[in-house]
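Accompanying notes for the structure given below.
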Amino acid sequence: MNTRNRLIILLAAVVLLGTVAFASVMHAANRAGEHDQAQPGGPSVTSGSVSLQDQGRIIFRNMAWGPYRDDLVSVPVNDPGGPRIASPVRCLRFYSAAGIGVCLRKEVGALQETYFASVLDSRLHTLRDFPVAGIPTRARVAPSGHLAAWTVFVGGDSYAGTNFSTRTSIVDTRTWALTPSLETYKIIKDGKPYHSADANFWGVTFADDGHFYATLATKGQTYLVHGDIAAQTMTTMRTNVECPSLSPDGTRLVFKKRVPGTDPDVPWRLYALDLATMKETPLAETRGVDDQVVWSDDHTVLYGLAGDYGEDLWAVPADGTGSPTRVAVAALNPAFLR
Amino acid sequence: MYLAERGPAAAPASGDVPTSDDVQPGRTDRAAQPGRALRAISGTVFALGTVSFITDISSEMVTAVLPLYLVAGLGLSPLGFGLLDGVYNGVSGLVRLFGGHLADRGRRHKAVAVIGYGLSAVCKPLLLVAGTLPVIGAVLAADRTGKGLRTAPRDAMISLASPPETRGRAFGVHRAMDTGGALLGPLVAFLVLNVAADGYDAVFTVSFCVAVLGVLVLLLFVPGGRAPEAGATEAGATEAGATEEKAPPVTLRSALALLRLPDVRRLTVSATLLGLTTVSDAFVYLMLQHRLGISEHWFPLLPLGTAAAFLLLALPLGVLADKVGRRRVFLGGHLALLLAYGLLLAPLHVGALPFVVLALHGTFYAATDGVLPAAAAGAVPAELRASGLALIGTGQALARFCCSLAFGAAWTAIGDRASLGIAMAGLALCAAWAAYALRGQEAPVSR
């Protein structure tokens with residue numbers, strides 16, 4: 001084959017491949033555009049004033065298509081499926097307590113997407129921004145509002161990188177003292193100090209201003225750990241506990257437990273753990289859940305499950321009775337304003 | 001496209017080919033200007049460089065968005081996914097040996113490279129339909145297998161298309177183009193995501209189209225058949241007694257017998273020993289961050305610093321290797337790494353420190369990544385070229401993998417500074433040994 005023919009073939013291939021590539025990008029762009037159009041029959045959303053001190057309301061990330069997609073919205077506690085009031089604040093993950101909010105958000109740059117953890121005041125203004133190293137997954141605020149914690153996924157950067165780890169940070173919202181990674185805490189496992197390069201932490205839930213629960217993963221096993229902020233220690237309590245969430249009265253944890261024989265992508269079921277008796281009870285939700293639940297009161301937990309438009313919000317009693325009910329469509333990360 | 005116009009004719013006439021060690025003071029000024037340095041490069045090398053440039057754009061597009069796709073696109077928890085990483089590393093080393101051997105049998109370098117590049121290309125659309133972690137893991141493993149298969153035959157083709165005295169710059173050109181693609185890939189990926197929010201399917205489709213273009217350039221513009229250029233350019237070079245008699249059949253035994261050649265053995269042992277003390281990139285970046293408290297946002301940009309220095313220095317150091325000897329430059333690269341370790345340990349707090357460390361780290365890659373195969377090519381007979389390059393490359397890669405495991409364990413047991421101190425002492429010892437083992441003549445030609 002002579003050079004001329006080779007160039008003709010190459011040119012034809014460039015045109016063909018270029019067309020396919022261009023069409024795929026346009027198709028995806030159109031689809032992204034559709035997400036900005038409100039779906040008929042979707043929840044009604046109007047812009048308005050949202051405050052973290054609106055008692056009797058729930059704030060969450062609105063996932064319904066339309067101009068307010070991914071904005072924080074508020075709804076009445078007694079009508080969570082009702083009309084939504086949208087704030088101009090957009091978050092990937094959100095939580096709030098005692099008038100302090102934590103919003104994990106992204107900024108799209110030319111080189112990469114960058115992520116921040118923003119601590120918000122009750123009017124949703126940013127008090128402090130913390131750059132984070134990866135994709136947000138969990139956010140929590142202590143009942144007092146004095147501490148905030150977040151977890152991000154950090155991806156590998158090697159060729160076809162498949163190494164993922166988590167990074168969990170805690171900040172004191174009074175002094176802004178930051179613990180960038182819980183990896184600096186001492187681990188006490190089975191009564192002895194424990195070191196491992198592969199230790200990962202996620203899913204902090206605060207008991208008070210000095211103590212928290214979280215998940216430790218090492219050597220293919222997950223553990224419930226009890227953290228002491230003053231002593232900078234984390235002590236393992238039991239195995240197979242992920243994303244614990246402490247009840248408002250501080251007596252029980254609801255967590256996701258890995259159950260064999262389930263869908264390998266979502267291999268977890270919700271369980272409650274009584275901290276006095278250490279007795280586990282499976283909740284009535286029989287589907288796989290990958291979320292850190294939120295307690296609406298001392299008896300009920302809320303969690304996300306994949307829906308038609310992002311995640312839907314479901315509720316189930318925390319004692320193993322009853323059955324799950326859908327609370328709101330296209331909603332994620334509720335925070336109850338008390 | 002200019003590539004096709006640069007045939008093997010662009011290579012120097014055979015009269016230019018030295019008959020002994022390529023350290024020739026009288027010749028050094030010939031490659032003084034970059035333009036002249038490039039003119040000595042064969043069209044095949046530019047074509048292979050273009051293939052790597054295009055392919056790296058494609059693969060780095062996927063690498064850049066993969067974590068985002070798994071977490072944000074599929075809503076998966078990717079933890080524990082890294083467990084298979086070690087297995088992949090071992091397998092891809094074996095695959096590289098297999099690819100090298102397969103390529104030498106019947107001199108099918110191009111065919112094996114096409115299979116390797118092709119396998120990685122077809123993996124991209126498979127990512128579109130793979131919705132679960134085990135399937136995605138399998139697709140990534142296949143992608144890596146393709147990379148393992150193609151590396152040795154590609155490097156063999158570069159060396160066979162280049163006369164011995166320009167091999168350093170030939171590999172330099174190739175590695176610079178390769179790294180350029182790797183730098184561009186994430187940019188293209190995030191450009192697509194900027195136009196189409198959540199358009200991971202578009203990123204994978206574009207990546208596939210780019211990869212297909214790479215395979216096409218390989219098919220159209222890299223001479224294949226029974227490696228015809230080898231005869232053309234190597235006829236003048238009587239090196240390692242390779243081209244004299246009719247090539248004997250390539251067997252697994254003859255490939256292993258390469259280790260009986262003193263030069264191959266010395267290079268393999270040196271590269272492996274130095275690999276054992278080469279701390280993996282991730283730890284260098286972590287160390288930089290620990291020492292200097294670099295913001296979380298800058299952390300993902302650290303590899304770009306290394307890549308930028310690698311890109312800028314690959315050709316100049318390749319030219320230098322042709323002038324003063326590849327082994328010297330290869331060892332010099334490890335001295336740059338040693339210096340980088342030293343700066344990470346020194347009690348200095350200068351703002352420029354991260355830039356200096358990253359520049360040294362990139363210098364290390366520019367002085368070793370392409371220079372090692374350039375040095376190795378002089379020691380391995382042409383008919384076993386791919387097997388020999390695979391042998392040395394795999395030894396180095398597996399040693400680096402062992403080092404990263406040991407360093408990770410040491411990091412948690414005795415801390416980052418002590419671990420790096422030990423690695424630094426080890427590197428100094430291994431470099432001293434390698435300097436002794438690799439001393440004297442480069443590529444002894446007529447014994």
Side-chain angles (χ1 to χ4, degrees), chain A residues 1 3 6-7 9-10 13-14 17-18 20-21 24-32 35 92 108-115 130-135 137 153-167 180 195-200 202 217 220 263-266 290 306 311, chain B residues 1 4-5 59 62-64 66-68 71-72 75-85 88 132-134 137 140 143-144 147 186-187 190-199 201-202 205-206 209-210 212-213 216-217 220-221 281-282 295-297 299-301 303 408-409 411-413:
Chain A
M1 205 191 313
T3 305
R6 285 177 202 186
L7 287 175
I9 292 174
L10 184 72
V14 166
L17 293 169
V20 171
S24 76
V25 175
M26 283 304 109
H27 173 73
N30 281 336
R31 192 188 50 210
H35 291 181
L92 296 169
V108 181
L111 262 179
Q112 57 181 345
E113 296 189 343
T114 51
Y115 303 94
F130 298 91
V132 295
I135 306 155
T137 165
F153 284 117
V154 183
D157 52 14
S158 58
Y159 177 85
T162 48
N163 260 319
F164 289 91
S165 57
T166 58
R167 203 161 297 172
H195 298 280
S196 177
D198 75 342
N200 276 298
W202 62 87
D263 174 3
D265 286 335
V266 196
D290 180 11
E311 303 259 308
Chain B
M1 196 157 180
E5 312 307 328
S59 60
V62 172
T63 306
L66 197 64
L68 209 54
V71 179
L76 299 176
S77 287
L79 286 176
F81 204 49
L83 292 179
L84 285 171
D85 236 28
Y88 292 162
T132 64
L133 281 180
L140 293 180
D143 194 328
R144 235 174 231 218
K147 187 180 166 63
L187 278 176
F190 285 108
L191 196 70
V192 171
L193 287 184
N194 269 337
V195 175
D198 302 325
D201 51 345
T205 308
V206 173
C209 293
V210 173
V212 170
L213 187 66
L216 207 66
V217 171
L220 289 174
F221 296 100
D281 299 0
S295 151
E296 297 280 4
H297 274 174
F299 190 71
L301 297 181
W411 180 293
T412 39

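Protein chains get the first letters and strands the later ones, always in sequence-line order, with residue 1 at the start of each. If you're wondering where the values come from, they're calculated on a predicted model, not measured in any experiment. Computation of the quantities below employed the complete heavy-atom set of this structure, encompassing side-chain atoms and omitting hydrogens, waters and symmetry-equivalent molecules.
- Here the closest heavy-atom approach between residue B:Cys209 and residue A:Val20 is recorded as SG-CG1, 3.7 Å.
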Yes or no on side chain to side chain contact (heavy atoms under 4.5 Å, CB included) for A:Leu10 and B:Leu213, after CA distance, side-chain angles and deciding distance? CA-CA 8 Å; A:Leu10 184 72; B:Leu213 187 66; 4.1 Å; yes

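- When the candidates A:Val266, A:Val132, A:Asp263 are compared by the number of heavy-atom contacts under 4.5 Å with chain B, A:Val132 comes out ahead.
- For A:Tyr115, there are no ring pair (Phe, Tyr, Trp, His ring centres under 6.0 Å) partners, not counting sequence neighbours.
- From B:Leu220, atom CG reaches atom OG1 of A:Thr3 across 10.5 Å, with rounding to the nearest 0.5 Å.
- Shown here for A:Ala28 and B:Gly199, the closest heavy-atom pair between the two residues is CB-CA, 4.0 Å.
- In terms of heavy-atom proximity, A:Val25 sits nearest to B:Ala196 at O-CB, 3.9 Å.
- Scanning for salt bridge (Lys or Arg N to Asp or Glu O under 4.0 Å) contacts around B:Asp201 gives A:Arg31, with sequence neighbours left out.
- Using a 4.5 Å cut-off between heavy atoms, B:Val62 makes no contact with chain A at all.
- Looking at B:Phe221 and A:Leu7, their side chains come closer than 4.5 Å, going by heavy atoms from C-beta outward.
- Chain B forms more heavy-atom pairs under 4.5 Å with one residue of A:Ala32, A:Gly18, A:Pro131 than with any other, namely A:Pro131.
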